[in-house]
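Counting convention: from 1, in listed order, for ligands and their atoms alike.
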Amino acid sequence: MKKNIAVLKGDGIGPEIVDQALLVLDKVAEKYGHEFSYTSVDIGGCSIDKHGVPITEEGMAICKSSDSVLLGAVGGPKWDNVDPSIRPEKALLAVRKELGLFANLRPTKLFPQLAEASPLKESIVGNGIDLLIVRELTGGVYFGKRRTEVVNGEKVATDEMPYSEHEIERIGRVAFETARKRGKRVASVDKANVLDSSRLWRATMHRISEEYPDVEYSDILVDNTAMQLIKNPGQFDVIVTENMFGDILSDEASMLTGSIGMMPSASLSSGTLGMYEPIHGSAPDIAGMDVANPIGTIMSVAMMLRYSFDMIEEADAIEAAVNCVLDDGYRTADIWRDGFKKIGCAEMGAAVAARL
Ligand code: NAD
């Protein structure tokens, strides 16, 4: 199969970690007879420096016409004080919007080899964690109307949280379809005891759940979910929720695995085009030192193969190779402890490619 991939390395550790993911993709191409071609697009601070904007129109056009987009990370102290209209993160929101990326998939997987890296007790995470948060990405309070006005002599700020049935339905379907390929359980998270948008969310989820009788469905309030993720994370398979709840819960869940450097993500459209990136930022404190953990980015390309290219065997092979490398005792600094072999970013990429 031939696929065109837009490669957006970005800032900080972005180029180092993306290079390792490309090494792994090249190995997949060689092993399975595929052809991956890469087109580089500047994004974030490096694009501001070169072009005066965080992504150019030509860059956006390349993303839109590609089969998939691979992103490193954007931002850093150098661009903290640029005009808000051209901040590095603006490029991410623009790509999500232009590509219609309404579904954000964030798996939280605790590799048994790294159980000690989790801040939770062995008695809680001992059986492993393998959950997937499906977060709605283009609706809700982040995209609702907002205003600040003076009422009775004091400032009052308002943010609206709109959701329409079709927005809820399409993210619900992503959750149910994905659950069918995993543990066949969906927990829908809302605040239906208080919010109208959550009551519509719950009613719509109930309606579509009837179309998936093979998937076990439950509702859970967001405050209880925050608690359950710490108390018994192993109970969850797929969690589906709206934009802001998903933003907060997915960061909470990511910490269960010990290092943010291990975590991949996918943002999907209604077609096969998706954007794949590790969940962490540009880590300016370790940029250029060859110590960053590239596994989150490598697992992101595994998600690209699985969700955009339907290359299931290839995706499984990457995940198995990462497992083997951890079994072999190799660790980057963020997951290293006594008795293991400490290696750098490039060595980790090479080790995964070699294991493939
Ligand atoms: P960060 O995720 O970059 O770093 C947080 C901590 O985790 C740092 O100590 C860092 O060294 C460590 N870390 C992150 N990734 C790692 C990896 N792969 N291996 C080992 N350690 C890793 O978050 P931050 O410091 O709050 O933000 C830095 C910059 O990144 C900011 O400009 C922020 O706006 C930007 N940011 C970008 C994205 C994105 O591009 N999607 C996401 C979050 C933050």
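The closest non-hydrogen atom to atom 10 (C) of ligand 1, taken over Thr297, Leu92, Ile295, Asp285, comes from Asp285. Here atom 30 (O) of ligand 1 lies nearest to Ser282 when heavy atoms of Pro88, Ser282, Gly296, Gly45 are compared. Among Cys345, Pro284, Ala333, Gly281, the residue whose heavy atom lies closest to atom 28 (C) of ligand 1 is Pro284. Comparing heavy-atom distances from atom 22 (C) of ligand 1 across Ile279, Ile286, Thr332 singles out Ile286 as nearest.
Ala283 N, 2.8 Å is the protein heavy atom nearest to atom 3 (O) of ligand 1. Residue, atom and distance of the protein heavy atom nearest to atom 7 (O) of ligand 1 are Ile260 CG2, 3.8 Å. Among protein heavy atoms, atom 33 (C) of ligand 1 sits closest to Glu89 OE2, 4.2 Å. Of all protein heavy atoms, the one closest to atom 37 (C) of ligand 1 is Val74 O, 3.1 Å.
Side-chain contact check for Phe236 versus Arg185: every heavy-atom pair is 4.5 Å or farther apart. Residues Val352 and Lys27 form no side-chain contact, since every pair of their non-hydrogen atoms from C-beta on lies 4.5 Å or further apart. Two residues are said to be in side-chain contact when any heavy atoms from C-beta on lie closer than 4.5 Å; Met161 and Asn243 fail this criterion. Looking at Leu200 and Glu165, their side chains come closer than 4.5 Å, going by heavy atoms from C-beta outward. A 4.5 Å side-chain heavy-atom check between Met304 and Val69 finds every atom pair outside the cut-off.
Contacts with ligand 1 closer than 4.0 Å are made by no heavy atom of Leu71, backbone or side chain.
Closer than 4.0 Å to atom 15 (N) of ligand 1 lies at least one heavy atom of the protein. Within the 4.0 angstrom cut-off, atom 41 (N) of ligand 1 has one or more protein heavy-atom neighbours. Distance check on atom 19 (N) of ligand 1: some protein heavy atom falls below the 4.0 Å cut-off. Taking a distance limit of 4.0 Å, we find that atom 26 (O) of ligand 1 is approached by no protein heavy atom.
Ring centers of His34 and Phe309: at least 6.0 Å apart, outside the cut-off.
The Ala73 neighbourhood of ligand 1 comprises atoms 40 (O), with distances under 4.0 Å to a heavy atom of that residue. Contact atoms of ligand 1 toward Gly261: 17 (C), 18 (N) (distance under 4.0 Å to a heavy atom of the residue). Counting the atoms of ligand 1 from 1 in the order shown, those under 4.0 Å from a heavy atom of Gly76 are 32 (O). Set against the non-hydrogen atoms of Ala292, the atoms of ligand 1 under 4.0 Å away are 19 (N).
At a 3.5 angstrom cut-off on N or O pairs, His280 counts as close to ligand 1. The shortest N or O to N or O distance between Gly75 and ligand 1 is not under 3.5 Å.
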Check residues 170-180 and write down every donor-acceptor pair under 3.5 Å in which the side-chain atom is one partner and the other belongs to a residue at least two apart or another chain.
{"unit_1": "Arg170", "atom_1": "NH2", "unit_2": "Thr138", "atom_2": "OG1", "d": "3.4"}
{"unit_1": "Arg173", "atom_1": "NH1", "unit_2": "Glu211", "atom_2": "OE1", "d": "2.8"}
{"unit_1": "Arg173", "atom_1": "NH2", "unit_2": "Glu169", "atom_2": "OE2", "d": "3.1"}
{"unit_1": "Arg173", "atom_1": "NH2", "unit_2": "Glu211", "atom_2": "OE1", "d": "3.4"}
{"unit_1": "Arg173", "atom_1": "NH2", "unit_2": "Glu211", "atom_2": "OE2", "d": "3.4"}
{"unit_1": "Glu177", "atom_1": "OE2", "unit_2": "Tyr212", "atom_2": "OH", "d": "3.0"}
{"unit_1": "Thr178", "atom_1": "OG1", "unit_2": "Val174", "atom_2": "O", "d": "2.4"}
{"unit_1": "Arg180", "atom_1": "NE", "unit_2": "Asp214", "atom_2": "OD1", "d": "3.3"}
{"unit_1": "Arg180", "atom_1": "NE", "unit_2": "Asp214", "atom_2": "OD2", "d": "2.8"}
{"unit_1": "Arg180", "atom_1": "NH2", "unit_2": "Asp214", "atom_2": "OD1", "d": "2.9"}

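Looking at residues two or more places apart in sequence or on another chain, you find no ring-ring contact (aromatic ring centres under 6.0 Å, His included) involving Tyr330.
Under the 4.0 angstrom criterion for non-hydrogen atoms, Ile17 is not in contact with ligand 1.
Among Val189, Asp223, Ile220, the one residue that satisfies the side chain to side chain contact (heavy atoms under 4.5 Å, CB included) test with Gln228 is Ile220.
Listed for the Glu242 side chain is a donor-acceptor partner under 3.5 Å among the backbone atoms of Met244.
A salt bridge between Glu35 and Lys3 is absent, with no side-chain N of the basic residue lying under 4.0 Å from a carboxylate O of the acidic one.
Residues Asn104 and Ser267 have side chains that bring a donor and an acceptor to within less than 3.5 angstrom of each other.
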